[in-house]
Amino acid sequence: MSGLGGPSKTTSSILAQLWSMLISMVVNPFLAWGKYRYGKRLDAPALKYGAKDTMICEYQTVVVLLGIGLTQWMGWWWADPVAALLIVPYVAWEAFEATKDAFSVDPEEDAKATG
């Protein structure tokens, strides 16, 4: 939250960060699709939730790129922290859904099925 106090100078290379995020934007959808596909095929909920987690990372990447872009090109020092706050509702919803699903699992029945 220190970014909300005013503009700050970055010490790391913006270009390296942008390059990494752009690669992530290209790779993550394919990775999520593969995880979900095999999770469905193997009836593995962990893989399907892994796919959702990968898509959360994709969403974060897009939002961070927007925040950095607005900060660099428009001079809006507050855009990056505000963009980060936009991620919270989506992540909270996915966490709620995952927790709801986790509580619906009967550990004894699951142990009988695997053991």
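Residues take their numbers from the sequence shown, with the count starting at 1. Heavy atoms only: backbone and side chains are in, while hydrogens, waters and symmetry mates are out.
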Distance from [X] atom [atom1] to [Y] atom [atom2], nearest 0.5 Å?
| X | Y | atom1 | atom2 | value |
| --- | --- | --- | --- | --- |
| Asp53 | Glu58 | CG | CD | 12.0 Å |
| Met55 | Thr61 | CE | OG1 | 10.0 Å |
| Tyr59 | Asn28 | OH | CG | 15.0 Å |

Taking all non-hydrogen atoms of both residues, which atom of [X] and which atom of [Y] are closest, and how far apart?
| X | Y | answer |
| --- | --- | --- |
| Glu94 | Lys52 | OE1-CD, 3.4 Å |
| Leu22 | Leu65 | CD2-CD1, 4.1 Å |
| Leu70 | Ala79 | CB-CB, 3.6 Å |
| Ala32 | Ala51 | O-CB, 3.3 Å |
| Pro29 | Ser24 | CD-O, 4.2 Å |
| Asp80 | Ile68 | OD1-N, 4.0 Å |

Less than 4.5 Å apart, side chain to side chain, heavy atoms only: is that true for [X] and [Y]?
| X | Y | answer |
| --- | --- | --- |
| Met21 | Val62 | no |
| Leu47 | Tyr36 | no |
| Leu86 | Leu66 | no |
| Thr54 | Lys35 | yes |

Do you reckon Trp19 sits in the same ILVMFWY cluster as Val27, going by side-chain contacts under 4.5 Å, direct or chained?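 Yes, Trp19 and Val27 fall within the same hydrophobic cluster.
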
Are Val63 and Tyr90 grouped together when hydrophobic residues (ILVMFWY) are joined by side-chain heavy atoms under 4.5 angstrom apart?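 Val63 clusters together with Tyr90.
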
Aromatic contact, Trp93 with Phe96 (centres under 6.0 Å):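 Yes, the ring centres sit under 6.0 Å apart.
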
